[in-house]
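Have a look at the structure below, then the notes.
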Amino acid sequence: MNIFDKYLDNIKKILLDLSKKGDLILPSSLDGITAEIPPAKFDSDISTNVAMVLSKLNKKSPIDLADILSDKIKGQDKLIDEISVVKPGFINIKFKPIFWTNFIKEIIQNSKSYGINNNEAKKNYLIEFVSANPTGPLHVGHCRGAILGDVIANVLLFNKHKVTKEYYVNDYGNQIINFTKSVYFRIREISFNEPFPIDNEELYPGDYLIDFAKNILNSNKDIDFKNFNNISEKLTELAIEEALKLIKKNLKSLGINHDNFISEKKLVLNHEVEKVIEFLQKNKFVYKGKIKAPAGEDDDNWIEREQLLFKSTDFGDDKDRALQKSDNAWTYFASDVAYHKNKLDRKFDQLINILGADHAGYIKRITSSVEALSNSKGKLICKVSQLVKLIKNKKPFKMSKRKGDYITVDDLINEVGKDATRFIMLNRSSDVELDFDFDNVVEKSKDNPLYYVQYCYVRIASVFRHIGKDLKSDIKIDKYDFEYSKDEINILKKISEWPKCIDTSSNKLEPHRIPTYLFELSSLFHSYWNLGKDNPDKRFINDQKKVTNDKLIFLKAISNIIKSGMDIVGVSVPEKM
RNA sequence: GCGCUUGUAGCUCAAUUGGAUAGAGCGCCUGACUUCGGAUCAGGAGGUUGAGGGUUCAACUCCUUCCGGGCGCACCA
């Protein structure tokens, strides 16, 4: 139940009535009219901008129009206590306490569905995220995008959309050849005692490759590793298998579960690249040509080659993009276009890609290709997750590719845990660089928003424990005949904003709003809790060691929201800390 | 040079998809507490939202021109 949507509907009905009678002129669309949360200082529950939107068209001042409309609105609703018009023309609605009693009854009786938007059409989404090269463990750089993608999926799922989570495995191309060679040299190091060529910059130096090599040797005793050319294909397979095993383990420790892993190599071997290029050729999006050097580039270093290009400039890209290398092999882009054709063929309503900041330059060309393939704009949305700045001992911690100098997901989980990693990584808008302060993240205080929110739940759980009730089970009471106080209504108002929070998070694909909301709700709750210090009436457990029904329901409603919110974020809510 | 992105309190960030007097946390200054439900709370100071122009009843938000930061810019993935 979204009270803002409900009242917006009421208001629109009144507007249509008035316009039928000829008393009001309406624009062709009522989209600009909204029902909002009024700023706290106004002591009001819902506000609408309707008078300001319609004033010009009706040649009346916003205030006059608001006066007329507010009378109409109040006239048809007994639950409204007070309605006021505030400059520059807002109409503010304040409800009687009984409204909030009804409200909490409604959300307690429908606790499973509270927050879900039932008015919107449900879509079938595909979200691709992580898709890190299968050449080693995931590190912090992958982490933020991984969590972002996972939580976006959770929000959409919460809102009853269909979601498929997918990982594109780049198991084809030069990087994979270098990776296989690296594993091979580690095998030689172990089996034939030859030192690993550490100076070869093409190779992957990481120590984890020693483990890969050992695992491969142990489970493939029948293979003779002496001659690389004889076993290169098999070894590639085995090496990728090892890497994927590790990556999946990392994802699992972050609480992330993909539905599909799609292999680039399989797409190529199935000739899906040829097919998609044929398709593009038919539609004149492909031609043989040369790419010019960008301005500022030294012309002497620039080699012009004729190659197969995709006309991404037709869709606003700044240059056309190569599909084929000079040795006729497909570029990464070409197989990615094939992958996106593959996605389109599976008939999703909406495709979402989560990319790291360093791949933002890639967005234009891939959305261009999807537009060319589907003939529709906006079919693919790309979300970029900005960099994470690691801070240790109050100093920035620089990662470099040299071995031992970068932080893996494993390190992160071991040091700060899954919950803190997820909550903090998500706590900020994905568009903004994030400071990840190791010392702060493990701190158990108010400075750490995770614990602040969890502690709220713990406090509620402790009340239930004291009276021998289970917080997790549903509560049923006979009569909702009580009235909430001002302090309590204040929190109920916040609870009424929850569907709006879900809506915005879901529509804008901005899940950071959820931790922010939970923090605000928790803050109100902690304040209320502390009122009990001076005022026994505000304590949940009274002198008779009992909790009255109104308080019990009130606590349950708050804990329900915290639980659903934390479930979406993918973080636990302990009952004791 | 071009493209994307970002600039909000001393610091880290929000701001309800264009709304009202721009809000939190940290830090600073008061105050509650012999752990009672303190992993908490109450109060205070702190702002020309990088700068200018425009659109709008209304701009942190949209457009535009500058300025500063980040990322990217061949056949790598």
Side-chain angles (χ1 to χ4, degrees), chain A residues 4 32 34-42 47-49 51-56 61-62 86-90 92 131-133 135 170 172-176 178 264 291-297 301-305 307 316-319 321-327 329-333 335-336 356-364 384 386-387 389 391 427-429 431-435 437 440 443-449 451-452 454-456 458-459 462-463 466 497 500-501 503-504 507-508 510 512-513 516-517 519-520 523 526-534 539-541 577:
Chain A
F4 299 93
T34 56
E36 306 277 339
I37 304 157
K41 55 201 160 199
F42 285 105
S47 89
T48 173
N49 62 355
M52 290 177 293
V53 176
L54 298 181
S55 75
K56 203 173 188 181
S61 83
V86 186
K87 52 108 204 186
F90 286 99
N92 287 345
S131 297
N133 288 344
T135 54
N170 303 129
Y172 186 80
N174 283 329
Q175 294 299 324
I176 290 298
N178 292 337
E264 179 185 5
I291 301 176
K292 287 197 178 72
E297 178 77 29
N301 298 329
W302 189 264
I303 308 158
E304 267 194 2
R305 312 180 180 83
Q307 54 195 155
D317 202 358
D318 29 292
K319 59 181 97 167
R321 304 294 175 174
L323 292 163
Q324 212 165 15
K325 305 180 200 171
S326 48
D327 64 357
W330 299 118
T331 60
Y332 170 80
F333 176 57
S335 52
D336 206 19
D358 51 341
H359 286 76
Y362 189 74
I363 293 175
K364 198 74 216 176
V384 170
Q386 287 299 326
L387 283 176
K389 276 190 277 184
I391 295 175
N427 202 22
R428 302 292 183 212
S429 156
D431 299 331
V432 177
E433 284 189 24
L434 176 95
D435 281 0
D437 185 330
N440 176 242
E443 202 171 311
K444 298 189 176 178
S445 78
K446 196 183 162 200
D447 303 0
N448 182 341
Y451 284 93
Y452 190 75
Q454 283 180 329
Y455 187 51
C456 179
V458 165
R459 280 180 150 174
S462 88
V463 173
H466 272 104
E497 295 169 18
K500 243 181 193 300
C501 172
D503 241 17
T504 323
N507 293 339
K508 296 183 87 171
E510 288 180 356
H512 74 278
R513 289 155 192 276
T516 306
Y517 173 89
F519 184 86
E520 287 164 3
S523 167
H526 287 308
S527 291
Y528 182 86
W529 181 278
N530 273 274
L531 292 175
K533 204 170 53 179
D534 304 322
R539 294 174 78 101
F540 290 100
I541 299 174
M577 273 161 59

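Order of the sequence lines sets the chain letters (A, B, ...), proteins ahead of strands, with each chain counted from 1.
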Base, sugar-phosphate or nothing for [X]? Non-hydrogen atoms, less than 4.0 Å.
{"X": "A/Ser527", "value": "sugar-phosphate"}
{"X": "A/Ser55", "value": "nothing"}
{"X": "A/Ile291", "value": "sugar-phosphate"}
{"X": "A/Pro39", "value": "base"}
{"X": "A/Lys364", "value": "nothing"}
{"X": "A/Gly173", "value": "sugar-phosphate"}
{"X": "A/Thr331", "value": "sugar-phosphate"}

Just N and O in the side chain of [X]: are any of them under 4.0 Å from OP1 or OP2 of [N]?
{"X": "A/Tyr362", "N": "B/rA74", "answer": "no"}
{"X": "A/Tyr528", "N": "B/rC41", "answer": "no"}
{"X": "A/Lys508", "N": "B/rU17", "answer": "no"}
{"X": "A/Lys87", "N": "B/rU21", "answer": "yes"}
{"X": "A/Lys41", "N": "B/rG23", "answer": "yes"}
{"X": "A/Arg513", "N": "B/rU17", "answer": "no"}

Separation of [N] [atom2] from [X] [atom1] (nearest whole Å):
{"X": "A/Lys319", "N": "B/rC2", "atom1": "NZ", "atom2": "C1'", "answer": "8 Å"}
{"X": "A/Asp336", "N": "B/rA77", "atom1": "CG", "atom2": "C1'", "answer": "10 Å"}
{"X": "A/Gln454", "N": "B/rG37", "atom1": "CD", "atom2": "P", "answer": "21 Å"}
{"X": "A/His526", "N": "B/rG25", "atom1": "NE2", "atom2": "P", "answer": "12 Å"}

Nearest to the side chain of [X], heavy atoms from C-beta on, is which of [options]?
{"X": "A/Pro88", "options": "B/rG19, B/rU17, B/rA15", "answer": "B/rG19"}
{"X": "A/Asp358", "options": "B/rA14, B/rC71, B/rU40", "answer": "B/rC71"}
{"X": "A/Glu36", "options": "B/rU17, B/rG3, B/rG38", "answer": "B/rU17"}
{"X": "A/His359", "options": "B/rC57, B/rA39, B/rA77", "answer": "B/rA77"}

pi-stack flag for A/Phe90 and B/rA20, centroid dist under 5.5 Å, interplanar under 30° = yes
message = Is the base of B/rG37 stacked against the aromatic ring of A/Trp529, taking ring centres under 5.5 Å apart and planes under 30° as the test?
response = no
key: Results of ring pair (Phe, Tyr, Trp, His ring centres under 6.0 Å) for A/Tyr517 - residues two or more places apart only   = A/Trp498
query = Backbone N or O of A/Ala322 within a donor-acceptor pair of the A/Thr331 side chain at under 3.5 Å?
reply = yes
ask   = Should B/rU49 form a Watson-Crick or G-U wobble pair with both distances under 3.5 Å, which nucleotide is its partner?
value = none
Give me, pair by pair, the N or O atoms of the protein and of nucleotides 11-13 of chain B that are less than 3.5 Å apart, along with how far apart they are.
from   : atom 1 : to       : atom 2 : distance (Å)
B/rC13 : OP1    : A/Glu433 : O      : 2.8
B/rC13 : O2'    : A/Arg428 : NE     : 3.3
B/rC13 : O2'    : A/Arg428 : NH1    : 2.2

remark   = By nearest-nucleotide position on RNA chain B, the 5'-leaning member of A/Ala360 and A/Val53 is A/Ala360
A/Tyr172, OH atom: more than 12 neighbouring heavy atoms under 6.0 Å = no
query = On a plain distance test, is the side chain of A/Asn49 in donor-acceptor contact with the base of B/rA20 below 3.5 Å?
reply = no
